[in-house]
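These values consider heavy atoms only, across backbone and side chains, with no hydrogens, waters or symmetry-generated copies.
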Amino acid sequence: YATFRRRCNALEQSETVKAEKGGQAVLQDWMGGGRSLTADFAMQRVIIDHTRLDLLVIYKLPDGSEIVLGRPWLTLAIDVATRAIVAHLITFIPPCVWTVGETISRMAMPKHVPPDMLERYPFLRQIRGRPVEIIVDNAVEFRGHTMEAAARSAGFSFRFCPIKRPRYRGIGERAMGTVNRLICADIPGRTIPIQDAKRLGYDAAQHAIVFMDELESIAIRVVAILNTEPHAGIDNRQPALVFQRDAERNGINNFIDLDAFRRDLMAVKEKARLSNSGIVAFGLRYHGYAEVPALLDDLRPIETRRQRTDGATA
């Protein structure tokens, strides 16, 4: 039975998939659709995408007890021209404007590199810069007007992928799968297929002994390794070396004001009132013992004369 099954599975091809699942499955799984992205220089086009890591992470409380946090999200930024990973983010927050903004901020900052690899490849810290264009999918976190306005102010733009064109961002999809596989390959707590879990009696929640600092250290090393290994998409050259040569030729573009860009990503609350007790927005009260009185002192002269009292609001 097993031999017969293996030989039947070996017969899978575009025609058999089309007969079983339809023409759309052939387009997605076999032929792709559209031309892959290209770029002329480093940081001209950068792909940002998210996926869930195939592992579980726990958090240890001060009393020694542990809480299983679940599967974290991985966000990657991949440079199209050099295939270098220019930023990564591991978080338990689902993809949103904050995760995108944090990834772009990390893209512009010097990188953390394992000491042994930094001694051999010192340029790994300088794989950074401001992109010209960011390629994203059509997820809701990329569709807000706040993100577009912040990008215009910072000097770059967003491009949305065509719908149902899997090869368009093939560079990012392959990098995402490789990073996920390398991070989770030998980590206890990784998720495995259901049939293997039943066969082996494996419970990922019980074996989840990975802590966030350990996971981040592994991710930093995986990114450094991928940036220094030969890549078939750039004629078996090293992404870090290609990025370095391009940076020496064209320089590295930086954000003029990275803090202003991050503030531009924040949501705006209209007609909010500030008092001595702070400010209420989004159902929460925000207060700072030093900041609130100082801000009130600045805003009090703008109010009418009758409002300029010790209990003034703005």
Side-chain angles (χ1 to χ4, degrees), residues 31-51 53 74-90 103-137 156-157 159 161 165-186 216-255:
M31 300 180 182
R35 180 186 176 189
S36 182
L37 283 168
T38 59
D40 298 325
F41 53 87
M43 301 303 289
Q44 181 187 15
R45 294 188 176 97
V46 176
I47 299 172
I48 293 182
D49 202 1
H50 318 276
T51 190
L53 286 174
L74 170 68
T75 303
L76 285 185
I78 304 100
D79 179 53
V80 173
T82 65
R83 304 301 199 268
I85 298 174
V86 294
H88 78 277
L89 173 67
I90 298 177
T103 304
I104 295 173
S105 299
R106 295 189 177 199
M107 194 187 307
M109 302 298 292
K111 301 299 183 290
H112 294 288
V113 185
D116 57 327
M117 299 193 68
L118 182 61
E119 183 178 355
R120 185 177 181 184
Y121 304 101
F123 186 77
L124 285 176
R125 280 185 56 83
Q126 299 303 319
I127 299 180
R128 61 187 183 89
R130 185 193 67 192
V132 176
E133 188 176 45
I134 292 181
I135 313 299
V136 296
D137 57 21
F156 64 92
S157 62
R159 178 194 292 190
C161 294
R165 294 294 185 269
R167 289 183 58 189
Y168 190 79
R169 291 185 309 140
I171 297 170
E173 298 291 346
R174 287 189 293 271
M176 186 72 71
T178 302
V179 172
N180 193 351
R181 175 175 54 82
L182 292 178
I183 290 178
C184 305
D186 299 316
E216 184 65 28
S217 299
I218 294 172
I220 289 173
R221 181 168 292 277
V222 166
V223 169
I225 290 173
L226 291 180
N227 282 340
T228 54
E229 284 190 345
H231 195 291
I234 50 176
D235 300 327
N236 288 321
R237 293 177 293 171
Q238 296 169 295
L241 180 60
V242 177
F243 197 102
Q244 179 181 4
R245 290 179 176 176
D246 193 283
E248 292 173 349
R249 182 171 56 251
N250 300 321
I252 296 178
N253 292 326
N254 292 318
F255 286 86

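With values rounded to the nearest 0.5 angstrom, Arg181 atom CZ is found 14.0 Å from Met176 atom CE. Here Leu53 contributes atom CG and Cys184 contributes atom SG; the two are 5.0 Å apart, rounded to the nearest 0.5 Å. To the nearest 0.5 Å, atoms CD (Gln244) and CG (Asn227) are separated by 12.0 Å.
Partners of Arg159 by salt bridge (Lys or Arg N to Asp or Glu O under 4.0 Å), not counting sequence neighbours, listed by chain and number: Glu133. A search for side chain to side chain donor-acceptor pair (under 3.5 Å) contacts involving Thr228 returns nothing, not counting sequence neighbours. Under the side chain to side chain donor-acceptor pair (under 3.5 Å) criterion, Arg128 pairs with Gln126, Asn254, not counting sequence neighbours.
Between the side chain of Gln44 and the backbone N or O of Asp40, at least one donor-acceptor pair lies under 3.5 Å. Looking only at distances, a side-chain donor or acceptor of Lys111 sits under 3.5 Å from a matching main-chain atom of Arg106.
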Worksheet item: So Ile47 and Ile171, side chain to side chain contact (heavy atoms under 4.5 Å, CB included) or not? Walk me through it.
Response: CA-CA 8 Å; Ile47 299 172; Ile171 297 170; 4.2 Å; yes

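Within the structure, salt bridge (charged side-chain N to carboxylate O under 4.0 Å, His left out) contacts touching residues 224-234 (residues at least two apart or in different chains) do not occur. Among residue pairs with one or both ends in residues 234-251, those qualifying as salt bridge (charged side-chain N to carboxylate O under 4.0 Å, His left out) are Asp246-Arg249; sequence neighbours excluded.
The aromatic rings of Phe255 and Phe156 sit perpendicular to each other, their planes meeting at more than 60°, with 30° as the lower class boundary.
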Extract all donor-acceptor atom pairs below 3.5 Å that involve side chains of residues 75-89 and protein atoms in other chains or at least two apart in sequence.
unit_1: Thr75; atom_1: OG1; unit_2: His50; atom_2: ND1; d: 2.8
unit_1: Asp79; atom_1: OD1; unit_2: Met43; atom_2: N; d: 2.8
unit_1: Asp79; atom_1: OD2; unit_2: Thr82; atom_2: N; d: 3.1
unit_1: Asp79; atom_1: OD2; unit_2: Thr82; atom_2: OG1; d: 2.6
unit_1: Thr82; atom_1: OG1; unit_2: Ala84; atom_2: N; d: 3.3
unit_1: Arg83; atom_1: NH1; unit_2: Val80; atom_2: O; d: 2.5
unit_1: His88; atom_1: NE2; unit_2: Glu216; atom_2: OE2; d: 3.0

